[in-house]
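To start, the structure itself, in structure tokens.
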Amino acid sequence: GAAGILCYVGAYVFITYDDYDHFFEDVYTLIPAVVIIAVGALLFIIGLIGCCATIRESRCGLATFVIILLLVFVTEVVVVVLGYVYRAKVENEVDRSIQKVYKTYNGTNPDAASRAIDYVQRQLHCCGIHNYSDWENTDWFKETKNQSVPLSCCRETASSCNGSLAHPSDLYAEGCEALVVKKLQEIMMHVIWAALAFAAIQLLGMLCACIVLCRRSRDPAYELLITGGTYA
């Protein structure tokens with residue numbers, strides 16, 4: 001179960017990153033997600049080893065189980081550290097990339113950057129980089145010359161909105177940059193909390209395995225049977 005949840009968290013990061021990859025060019029940010037998926041897959045195998053070793057009361061198996069758990073625990077600590085490092089870099093990365101993406105907007109569906117901008121503006125309920133007035137500085141706005149922003153800037157409640165700057169109340173007032181940064185940082189926090197939670201579970205697993213090992217080491221290898229004053 002723990003392995004499945006870890007893999008789910010890693011997959012969630014990949015899927016969400018795909019929606020925002022135009023605003024975030026540093027693919028190394030996906031390293032924590034890759035590591036946590038690998039840890040999840042490894043944890044499933046480790047769980048099987050631990051169960052078999054406990055049932056058979058194998059000292060060798062339990063010792064192997066504890067050592068592997070310790071290695072995975074260290075890996076999850078590394079994931080937490082990397083998560084915090086990349087979380088701190090998100091704002092600078094988005095600030096560097098988002099300007100370029102908005103400048104390449106052309107309003108056509110086949111264009112990946114245009115689709116990404118429209119998707120983010122609809123999903124996060126935002127318009128422009130800092131606000132809707134940022135669109136006035138884009139090449140697309142100057143070429144269209146209709147004094148309107150993309151329809152993805154229209155509020156869901158504004159049924160007659162056509163993107164016209166003459167009706168700013170129909171448009172989302174908040175810019176997308178801050179919301180994209182917030183969303184990506186939330187995603188990274190999912191990885192961090194998942195790694196911390198399962199690191200705590202693994203500590204408990206190592207403790208239980210060590211207790212079983214200690215009890216096993218105190219068990220006598222054989223018992224003396226006394227019959228009639230003689231040893232058998």
Side-chain angles (χ1 to χ4, degrees), residues 8-34 36-37 82-192:
Y8 171 79
V9 171
Y12 171 76
V13 172
F14 270 101
I15 293 169
T16 310
Y17 177 87
D18 188 54
D19 296 329
Y20 298 91
D21 61 347
H22 284 83
F23 304 94
F24 201 76
E25 296 177 347
D26 189 357
V27 294
Y28 295 108
T29 310
L30 289 175
I31 289 177
V34 173
I36 208 169
I37 289 176
L82 287 175
Y84 273 109
V85 169
Y86 288 124
R87 186 175 181 273
K89 293 175 61 179
V90 164
E91 188 169 357
N92 291 334
E93 285 290 329
V94 172
D95 184 59
R96 188 177 65 192
S97 304
I98 198 168
Q99 302 273 355
K100 183 168 60 177
V101 177
Y102 268 82
K103 284 182 179 179
T104 59
Y105 184 86
N106 60 23
T108 59
N109 283 330
D111 182 67
S114 298
R115 288 201 310 272
I117 290 173
D118 287 331
Y119 173 83
V120 166
Q121 292 190 152
R122 288 193 181 98
Q123 289 295 115
L124 301 183
H125 297 170
C126 58
C127 183
I129 299 173
H130 302 104
N131 54 60
Y132 58 80
S133 65
D134 293 325
W135 279 105
E136 296 181 59
N137 300 320
T138 63
D139 294 336
W140 173 82
F141 183 89
K142 294 172 183 176
E143 289 171 4
T144 55
K145 298 179 181 179
N146 58 6
Q147 296 298 304
S148 64
V149 297
L151 294 178
S152 56
C153 282
C154 292
R155 295 178 182 273
E156 291 180 347
T157 54
S159 56
S160 60
C161 176
N162 60 3
S164 174
L165 290 178
H167 302 92
S169 60
D170 291 343
L171 308 175
Y172 294 122
E174 193 168 359
C176 293
E177 182 177 1
L179 295 178
V180 170
V181 169
K182 181 181 177 182
K183 183 68 175 180
L184 290 171
Q185 288 180 337
E186 284 177 358
I187 294 168
M188 201 57 62
M189 281 306 298
H190 290 328
V191 175
I192 292 170

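Just so it is clear, the values below take in all heavy atoms, side chains as well, and ignore hydrogens, waters and symmetry mates.
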- Query: Which value, rounded to the nearest 0.5 Å, describes the distance between His167 atom NE2 and Ser160 atom OG?
  - Reply: 7.5 Å

- List the atom of Val149, the atom of Tyr132, and the distance in Å for their closest heavy-atom pair. CG1-O, 4.0 Å

- Tyr105 pairs by side chain to side chain donor-acceptor pair (under 3.5 Å) with which of Thr138, Asp139, Asp118? Asp118

- Task: List the steps, then state whether ring pair (Phe, Tyr, Trp, His ring centres under 6.0 Å) holds for Trp140 with Tyr102.
- Result: CA-CA 9 Å; Trp140 173 82; Tyr102 268 82; over 10 Å; no

- Query: Which pair of non-hydrogen atoms, one from Val101 and one from Ile117, has the smallest distance, and what is that distance?
  - Reply: O-CD1, 3.4 Å

- Task: For the pair Cys161 and Leu151, evaluate side chain to side chain contact (heavy atoms under 4.5 Å, CB included) and give the outcome as yes or no after the intermediate values.
- Result: CA-CA 8 Å; Cys161 176; Leu151 294 178; 5.5 Å; no

- Message: Could you go through Met188 and Leu184, starting from their C-alpha distance and side-chain angles, then the distance that decides it, and tell me whether this counts as side chain to side chain contact (heavy atoms under 4.5 Å, CB included)?
- Response: CA-CA 6 Å; Met188 201 57 62; Leu184 290 171; over 6 Å; no

- Partner residues of His125 under the ring pair (Phe, Tyr, Trp, His ring centres under 6.0 Å) criterion, sequence neighbours left out: Tyr172

- Query: Ser114 side chain to Asn106 main-chain N or O, any donor-acceptor pair under 3.5 Å?
  - Reply: yes

- Message: Can you tell me how far apart CD (Gln99) and CD (Glu177) are? Round to the nearest 0.5 Å.
- Response: 7.0 Å

- Closest approach of Glu136 to Phe141 (non-hydrogen atoms, all atoms of both residues): CA-CD2, 3.5 Å

- Message: Any side-chain to backbone donor/acceptor pair from Ser97 onto Val94? Under 3.5 Å, distance only.
- Response: no

- Query: Can you tell me how far NZ of Lys103 sits from CG of Asn137, rounded to the nearest 0.5 angstrom?
  - Reply: 9.0 Å

- Query: Looking at SG of Cys126 and CG of Leu171, how far apart are the two atoms once the value is rounded to the nearest 0.5 Å?
  - Reply: 12.0 Å

- Message: I'd like to know if the side chain of Asp134 reaches the main chain of Ile129, judged simply by a donor and an acceptor atom lying under 3.5 Å from each other, with no hydrogens or angles considered.
- Response: yes

- Taking atom CD of Gln123 and atom CG of Leu179, what is their separation to the nearest 0.5 Å? 12.0 Å

- Query: Is the backbone of Asp170 close enough, under 3.5 Å, to the side chain of Arg155 for a donor and an acceptor to pair up by distance?
  - Reply: no

- All heavy atoms of Ile98 vs all of Cys176, minimum pair found to be CD1-C, 4.4 Å

- Cys154 SG to Arg122 CZ distance, which is reported to the nearest 0.5 Å: 9.0 Å

- Task: Kindly confirm or rule out an SG-SG distance below 2.5 Å between Cys153 and Cys127.
- Result: yes

